[in-house]
**Student:** 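Sharing a structure, written as structure tokens. Questions coming.
Throughout, protein chains are lettered first and strands after them, A, B, ... in sequence-line order, and every chain is numbered starting at 1.
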Number of protein chains: 2
Amino acid sequence: MQVLKPNEGKPITIYDIAREAEVSPATVSRVLTGNSNVRKEKRKKILEIIEKYNFKPNAMARGLSETKSKIIGILVADVRNPFYAELFLACEQAAKLAGYTVMLCNSLNNMEQEEYLLDQLVQQRVDAIIQIGGRVDDLVSNMEYVEKVNQVMNTIPVVVTGKLEGTKCKMVRIDSMKAMELLMEYLISLGHRDIAVVGGSDKVLSTYEKLVQYRLSLQKYHIPFDPDLISPEGTYNVESGYRLMNEMLAKGKRPTAVIAINDFAAAGVMHSVLEHGYRIPEDISVVGYDNTYISQILNPSLTTIDYNYQYYGKSLIEAAIDAIEGKGELLKLVTPGLMIRGSSGSRR
Amino acid sequence: MQVLKPNEGKPITIYDIAREAEVSPATVSRVLTGNSNVRKEKRKKILEIIEKYNFKPNAMARGLSETKSKIIGILVADVRNPFYAELFLACEQAAKLAGYTVMLCNSLNNMEQEEYLLDQLVQQRVDAIIQIGGRVDDLVSNMEYVEKVNQVMNTIPVVVTGKLEGTKCKMVRIDSMKAMELLMEYLISLGHRDIAVVGGSDKVLSTYEKLVQYRLSLQKYHIPFDPDLISPEGTYNVESGYRLMNEMLAKGKRPTAVIAINDFAAAGVMHSVLEHGYRIPEDISVVGYDNTYISQILNPSLTTIDYNYQYYGKSLIEAAIDAIEGKGELLKLVTPGLMIRGSSGSRR
DNA sequence: TTGCTCTGCGAAACCGCTTTCAACTTTATC
DNA sequence: GATAAAGTTGAAAGCGGTTTCGCAGAGCAA
């Protein structure tokens with residue numbers, strides 16, 4: 001019996017294993033892929049040698065041979081946003097269970113970068129791409145980007161958390177209307193009628209939907225709509241929430257409850273409210289969206305919409321795998337829940 | 001001239017390009033790799049066809065052929081922690097500039113998972129691994145893990161942000177002693193003498209170093225060391241900071257300044273302090289480490305240690321590439337800075 | 001014209017795995 | 001005990017690139 005020469009930096013291959021086990025590479029490959037047509041003793045011997053050298057088959061070779069990488073590319077706007085981080089992590093875990101690896105890219109909300117990364121993922125021959133945030137959040141899809149995605153979809157399926165009109169992307173979306181409905185029913189049940197919405201832009205699909213539901217809920221309870229209780233165009237960060245809330249208060253508006261467009265904006269809103277000498281929630285209730293750990297860091301802790309990231313991530317991965325296999329539905333809605341904490345209370 | 005059949009889901013290859021350009025695949029490969037020995041007109045024609053079909057060479061094939069993936073694996077404890085997210089993002093950008101792609105994995109501080117992911121990265125044949133947080137943060141290295149890493153290092157260089165005694169990992173580390181020194185000099189210059197350190201565990205290398213420097217700084221200014229001003233064993237999250245600060249105050253200790261072990265712990269400390277009716281910074285100054293956006297979310301915003309993530313990430317990638325090329329130094333220290341915000345002030 | 005160097009380019013080998021195909025063994029069936 | 005069916009196995013092709021090698025032709029000196 002021959003022995004492998006001590007492995008000097010070169011990873012060992014299936015051939016090395018085959019030689020030592022006195023079988024052909026094909027047989028080693030069979031045990032690697034779980035093919036059952038290998039005699040028990042041989043399988044055992046091969047497995048022992050694999051174990052002994054801690055052999056890991058080269059994923060590039062395997063991928064090349066099978067023309068699939070077993071990698072799912074995940075394109076997010078910015079992992080520093082805990083919403084994306086949570087979702088990515090959930091995807092990573094779900095992917096692992098399904099036998100896939102995951103490759104994360106950050107677009108930083110820059111379309112050029114987004115297109116570059118798509119190309120990058122194509123080059124890696126990922127089996128599917130999940131795009132979370134960025135261009136796919138737009139209420140009206142950017143045509144140039146649609147074209148780009150269609151070109152990619154020629155060879156690789158794309159799943160999005162928003163929508164991309166003019167493409168056949170599968171969608172896994174949060175039911176934003178439902179989320180707003182939950183908040184409104186909750187706040188109204190606490191006696192609030194002067195409810196503001198702060199932060200975000202109605203050019204973003206989910207925000208647009210939230211605003212639509214906001215008005216529907218007002219209507220349902222016969223509360224008149226006051227345009228001044230909706231903040232103008234904003235972004236999704238702390239500063240924006242802070243500034244917009246300041247402006248609203250400066251205008252003399254004094255809602256008893258504020259719905260911030262996400263946890264970041266809620267942080268800004270809370271700063272502003274506290275600075276103006278109001279108490280939370282005694283004078284003004286503040287609620288947010290996302291239930292990231294920010295909600296727990298804030299003081300008081302934030303009542304917010306919860307998405308069940310585990311489930312959301314799992315759904316995304318499932319959709320991706322369905323897309324790879326050419327099956328599954330086009331759209332799936334994820335139902336949000338309400339996480340009640342200290343920042344909200346009855347109207348005084 | 002022949003024309004490619006409309007691309008029906010199968011990515012086109014170098015051979016398709018070659019056929020249409022009426023050259024050999026070798027020539028196409030030459031223009032792809034930037035080899036200069038191709039006549040101008042041919043190069044131009046080939047490039048046009050590549051452009052026309054938006055051809056991207058298969059990274060697996062290329063990687064297999066060159067026996068290198070051009071991927072750097074990045075193993076972090078948990079991207080949901082903005083410290084890791086920031087650092088990862090910086091690495092991603094630096095890697096891109098250097099022509100590398102990056103593959104992120106989360107160990108979730110679970111050693112089994114950590115070992116699993118190392119194997120995963122080996123299987124992908126990444127060119128180098130950067131491990132940020134997790135086992136490499138331990139003050140005394142876990143022997144089993146050291147063995148695992150040594151096995152990996154047989155074929156793939158590993159760079160760590162901590163240390164791993166018994167391995168030849170390159171290290172790129174924050175100068176934690178310097179960081180603590182900055183905070184102590186700053187607080188002492190503001191007149192503080194009763195300075196507490198809350199959160200973290202001295203079984204973690206960086207925390208250990210911080211505590212060493214803490215005592216050195218006290219000594220320098222002839223301030224007696226009070227063991228009750230150092231919190232016992234803690235973790236690095238909000239709850240821990242909250243609980244430990246509560247305990248310290250309950251013991252009757254009343255520091256005028258608190259150094260929280262990171263931004264999360266600082267959030268907890270601030271909750272506790274405010275709940276006890278003290279003002280920040282008038283009664284108690286609170287400072288933290290990491291300068292993640294949490295520092296800005298907190299109210300008042302947090303004075304904290306800043307790491308210059310861009311530079312840190314760049315250094316990590318450089319170290320990885322150096323390791324791939326078998327050069328560079330073993331250890332590099334990154335110098336931290338101080339970011340002064342509203343949570344700290346003069347002793348009253 | 002001969003001899004040499006250079007440049008440009010195709011044939012073919014190779015990277016490390018999977019899979020088809022055909023041949024060879026076993027085992028089951030009657 | 002003959003024959004069919006099922007189980008094992010290795011040779012070889014193929015995945016899509018890169019690279020070596022050698023050949024052909026150009027350019028230049030002698």
**Student:** What is the separation between atom CD on A/Gln124 and atom P on D/dC15, rounded to the nearest whole Å?
**Tutor:** 21 Å
**Student:** Is the side chain of B/Ser29 donor-acceptor paired with the backbone N or O of B/Pro25 at a distance under 3.5 Å, no angle test?
**Tutor:**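 Not a single qualifying donor-acceptor pair exists.
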**Student:** Grab the NZ-C1' distance between B/Lys70 and D/dG17 for me, whole Å please.
**Tutor:**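 Result: 16 Å.
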**Student:** Any N or O donor-acceptor pair linking the side chain of A/Arg125 to the base of D/dG16 at under 3.5 Å?
**Tutor:**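 No pair found.
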**Student:** Round to a whole Å and report the spacing from CZ of A/Arg39 to C1' of C/dT26.
**Tutor:**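 To the nearest whole Å, that distance equals 8 Å.
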**Student:** Does the salt bridge (charged side-chain N to carboxylate O under 4.0 Å, His left out) test come out yes or no for B/Lys52 and B/Glu20, once each step is laid out?
**Tutor:** CA-CA 11 Å; B/Lys52 171 177 165 195; B/Glu20 182 155 338; 2.8 Å; yes
**Student:** Would you mind telling me which residue lines up with the more 5' stretch of DNA chain D, A/Thr27 or A/Ser65, judged by nearest nucleotide?
**Tutor:** A/Thr27
**Student:** Closest nucleotide of DNA chain C for B/Leu64 versus for B/Asn37: which of these residues is on the 5' side?
**Tutor:** B/Asn37
**Student:** How many Å lie between CD on B/Glu66 and P on D/dT19, as a whole number?
**Tutor:** 5 Å
**Student:** Is B/Glu48 salt-bridged to B/Lys44, going by a charged N under 4.0 Å from an acidic O?
**Tutor:**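 Counted as a salt bridge, because a side-chain N and a carboxylate O are separated by less than 4.0 Å.
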**Student:** Here's a test of your reading of the structure: between A/Tyr15 and A/Val38, which maps to the more 5' nucleotide of DNA chain D?
**Tutor:** A/Val38
**Student:** Can a donor-acceptor pair be found between the side chains of B/Gln113 and A/Lys96 at a distance below 3.5 Å?
**Tutor:** yes
**Student:** Hey, does the side chain of B/Thr13 come within less than 4.0 Å of D/dG16's phosphate (OP1/OP2), counting only N and O?
**Tutor:**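 No, outside the criterion.
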